[in-house]
Engineer: 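So that we are looking at the same thing, I have put the structure below in structure tokens.
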Protein chains: 2
Amino acid sequence: MKKGQETKSRIMDIAEAAILAKGFGATSIEEIIEEAGITKSGFFYHFSDKNALAKALLERYISIEDELFDGLFDRAQELHDDPLHGFLIGLKLLSELMADLPNGHPGCLIATYCYNERLFDKEVRELSQRAMLSWRKRFRKAFDKIAEKYDMRDDVDLDHLADMVSATCEGGIVMTKTLRDPDVLPQQILMLRSYIKLLFTERKPN
Amino acid sequence: MKKGQETKSRIMDIAEAAILAKGFGATSIEEIIEEAGITKSGFFYHFSDKNALAKALLERYISIEDELFDGLFDRAQELHDDPLHGFLIGLKLLSELMADLPNGHPGCLIATYCYNERLFDKEVRELSQRAMLSWRKRFRKAFDKIAEKYDMRDDVDLDHLADMVSATCEGGIVMTKTLRDPDVLPQQILMLRSYIKLLFTERKPN
DNA sequence: CGAAAACCGCACCTGCGGTACAGTAAATCG
DNA sequence: CGATTTACTGTACCGCAGGTGCGGTTTTCG
């Protein structure tokens, strides 16, 4: 009852690394099973087809990412009472985390799937969509708290600002991968931080 | 000497649309030739293999994108003498252009290739890299001009700021495609615009 | 010990990328 | 106009990957 899950997650580890490194289409089942030391039958015992593997990977990826964001920004808020400064610390921590990845961020599974759309079924696409919307909601909540206390120098929609966090990460990852420069993603996160720092300003007494 | 080029570019049109819609791996040569009304032999007469098609598509994509940026920001600068306000107008125009795309931005070929890495050879990857670097250079030049005249509220690296333009577009495209919401990309471009507006401020006399 | 769970082995089918090569229609140029 | 490229068509074939089917075997756990 346990060895099965172990093998399954080993397959998923190998598959995720391969898919992020060279794309979904370029990752063959054969090379996965070879590295995992199992047979084709063994693979299809765990996953009905390649799409099922993709879905399992995405679900795991999203939950790990959620936990990461939760932990990071929760810890940041503990370091500073103020919602704005807490969030800024969170972004700093995020940037440092990304900078510590030895070969740069390996890639975002959601973006991988987004650029391989029709290889997947409706379920996988809706999963991606829901994850993006949940991130919007998450950061929107943080910005709502900040906006309660601070004035804004520019009248921007807080949903768009929340999306900017995801967009910055996604854009930074694409650039980091394309340029083969691990620094770009952390830099871009700090640029976002700079914007948020400038955008919110002490409330003026009226 | 002309009909050949015509067929070739028709193949490329069909291929580009298909690749952006469903990824490179999911786009078969067979469906391309079917839609183009030619045979497999005809396809391989124009392109030695799938990688050659990818390379040709990328080259065309980059040059079109370059022309687009050139035209757009040149025109914007004509509308306003000031480098900052000219650039802000350029971003506004870019946002409007993206908003006018009926089904949202179809996707960036460079990002597509970045998430399908090993499907392509070194040449294609270097082409992507050079394009990204040229965009950095392009926007860096614009920001240099702005920085000559304006103070900055936050001391950020102008290369990172230049990269932010590309990153915003890439991130916005990923989000627009994932959420199936054409508005996200133009919104994110306007967020970038808001940042640049806040970042640069009238030079104080010393 | 016995029954699931977790595989292995093998055969086989399909579709796709790609090759090879001979033949042909159409455009172009002297 | 005639000859030569250019731009294809048609056919046959190869190898690989995804995927199916199913019978057999080992491992694990209650």
Side-chain angles (χ1 to χ4, degrees), chain A residues 1-58 112-113 115-124, chain B residues 1-58 112-113 115-124:
Chain A
M1 304 256 191
K2 225 173 68 181
K3 202 195 163 209
Q5 279 305 313
E6 195 189 299
T7 305
K8 193 169 178 175
S9 74
R10 200 172 77 251
I11 295 174
M12 287 172 70
D13 290 340
I14 294 166
E16 182 171 326
I19 288 170
L20 290 177
K22 49 200 222 190
F24 191 80
T27 302
S28 71
I29 293 177
E30 315 236 333
E31 65 174 291
I32 294 173
I33 62 178
E34 194 193 0
E35 202 178 330
I38 55 168
T39 62
K40 219 176 195 180
S41 310
F43 176 89
F44 284 106
Y45 173 79
H46 290 289
F47 303 100
S48 62
D49 54 21
K50 227 183 167 188
N51 189 80
L53 169 65
K55 195 187 157 194
L57 282 177
L58 189 56
T112 303
Y113 289 10
Y115 275 109
N116 285 274
E117 262 197 83
R118 301 293 157 83
L119 286 175
F120 310 106
D121 61 15
K122 205 180 155 195
E123 229 175 330
V124 170
Chain B
M1 305 257 193
K2 225 174 67 182
K3 202 196 165 207
Q5 281 303 314
E6 195 188 298
T7 304
K8 192 169 179 175
S9 74
R10 201 172 75 252
I11 294 174
M12 288 172 70
D13 290 340
I14 294 166
E16 181 170 329
I19 288 170
L20 290 177
K22 50 198 218 190
F24 191 80
T27 303
S28 70
I29 293 176
E30 315 236 332
E31 66 174 292
I32 295 173
I33 63 179
E34 194 192 2
E35 201 179 330
I38 56 168
T39 63
K40 216 177 197 181
S41 311
F43 175 88
F44 284 105
Y45 173 80
H46 289 289
F47 303 99
S48 61
D49 53 23
K50 227 185 168 189
N51 190 80
L53 169 65
K55 196 187 155 194
L57 282 176
L58 189 56
T112 302
Y113 289 9
Y115 275 109
N116 287 272
E117 264 197 84
R118 302 292 156 83
L119 286 175
F120 310 106
D121 61 15
K122 204 180 156 197
E123 230 176 330
V124 170

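By convention in this document, chain letters (A, B, ...) are assigned in the order of the sequence lines, proteins followed by strands, and residues within each chain are numbered from 1.
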Engineer: Tell me the interatomic distance from B:Lys8, atom NZ, to D:dC8, atom P, rounded to whole angstroms.
Structural biologist: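 Taking NZ of B:Lys8 and P of D:dC8, I get 11 Å after rounding.
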Engineer: Starting at atom CG of A:Asp49, determine the distance to atom P of D:dG19, rounded to an integer number of angstrom.
Structural biologist: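 From A:Asp49 CG to D:dG19 P: 6 Å.
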Engineer: Measure from CD on B:Glu6 to P on D:dC8 and round the result to the nearest Å.
Structural biologist: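 Atom CD in B:Glu6 sits about 9 Å away from atom P in D:dC8.
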Engineer: Classify the ring geometry between A:Tyr115 and B:Tyr115 as parallel (under 30°), tilted (30 to 60°) or perpendicular (over 60°).
Structural biologist: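 Ring orientation of A:Tyr115 relative to B:Tyr115: parallel.
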Engineer: Could you check which of C:dG18, D:dT9, D:dG19 has an atom nearest any side-chain atom of B:Thr39?
Structural biologist: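 The answer is D:dT9.
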Engineer: From D:dT20, C:dA5, C:dG18, pick the nucleotide closest to the side chain of B:Phe44?
Structural biologist: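 Shortest atom-to-atom distance from the side chain points to C:dG18.
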Engineer: Determine: side-chain N/O of A:His46 to OP1/OP2 of C:dA6, distance under 4.0 Å, yes or no.
Structural biologist: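 Answer is no, no contact under 4.0 Å.
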Engineer: B:Tyr45 side chain N/O closer than 4.0 Å to the phosphate oxygens (OP1, OP2) of D:dA7?
Structural biologist: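 It does, given that an N or O in the side chain of B:Tyr45 lies less than 4.0 Å from OP1 or OP2 of D:dA7.
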Engineer: Determine the minimum heavy-atom distance between A:Leu53 and A:Ala15, stating which atoms define it.
Structural biologist: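 For A:Leu53 versus A:Ala15, the nearest heavy atoms are CD2-CB, 4.0 Å.
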Engineer: Among C:dC8, D:dC8, D:dG19, which is the nearest nucleotide to the side chain of A:Ile38?
Structural biologist: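 Output: C:dC8.
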Engineer: Using a cut-off of less than 4.0 Å, is there contact between a side-chain N or O of B:Thr7 and OP1 or OP2 of D:dC8?
Structural biologist: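 Yes, because at least one side-chain N or O of B:Thr7 sits under 4.0 Å from OP1 or OP2 of D:dC8.
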Engineer: When you check the gap from the basic side-chain N to the acidic O, do A:Lys22 and A:Glu31 get nearer than 4.0 Å?
Structural biologist: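 Salt bridge: yes.
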Engineer: So which one's nearest nucleotide on DNA chain D is more toward 5', A:Glu30 or A:Ser41?
Structural biologist: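 By nearest-heavy-atom nucleotide position, the 5'-most residue is A:Glu30.
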Engineer: Quick check: any donor-acceptor pair below 3.5 Å linking the side-chain of B:Lys50 to the base of C:dG18?
Structural biologist: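 A donor-acceptor contact between them is absent.
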Engineer: Atom CD1 of A:Ile33 and atom P of D:dG19: how far apart are they, to the nearest Å?
Structural biologist: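 A:Ile33 atom CD1 is separated from D:dG19 atom P by 12 Å.
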Engineer: Measure CZ/A:Phe43 against C1'/C:dA6 and give the value in whole Å, please.
Structural biologist: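 Checked: the CZ to C1' distance equals 15 Å.
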Engineer: So B:Ser28, base contact, sugar-phosphate only, or nothing? Heavy-atom distance under 4.0 Å.
Structural biologist: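 Sugar-phosphate contact only.
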Engineer: Can you check the A:Gln5 CD to C:dA4 P distance for me, whole Å?
Structural biologist: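 The distance from CD of A:Gln5 to P of C:dA4 comes to 20 Å, rounded to the nearest Å.
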Engineer: What pairs of residues pass the salt bridge (charged side-chain N to carboxylate O under 4.0 Å, His left out) test when at least one of them lies in residues 44-54 of chain A, not counting sequence neighbours?
Structural biologist: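 Found none.
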Engineer: Whole angstrom is fine here: how far is it from CG in B:Asn51 over to P in C:dC16?
Structural biologist: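 Those two atoms, CG and P, are 20 Å apart.
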Engineer: Between C1' on C:dC16 and CZ on B:Phe24, what's the gap in Å once rounded to a whole number?
Structural biologist: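 For the pair B:Phe24 CZ and C:dC16 C1', the rounded distance is 13 Å.
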Engineer: Calculate, to the nearest 0.5 Å, the distance between atoms CG and CD belonging to A:Leu58 and A:Glu16 respectively.
Structural biologist: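 These two atoms lie 9.5 Å from each other.
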Engineer: Does the D:dG18 base have a donor-acceptor partner in the side chain of A:Lys40 within less than 3.5 Å?
Structural biologist: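 Between D:dG18 and A:Lys40, which were checked side chain against base, a qualifying N/O pair under 3.5 Å is present.
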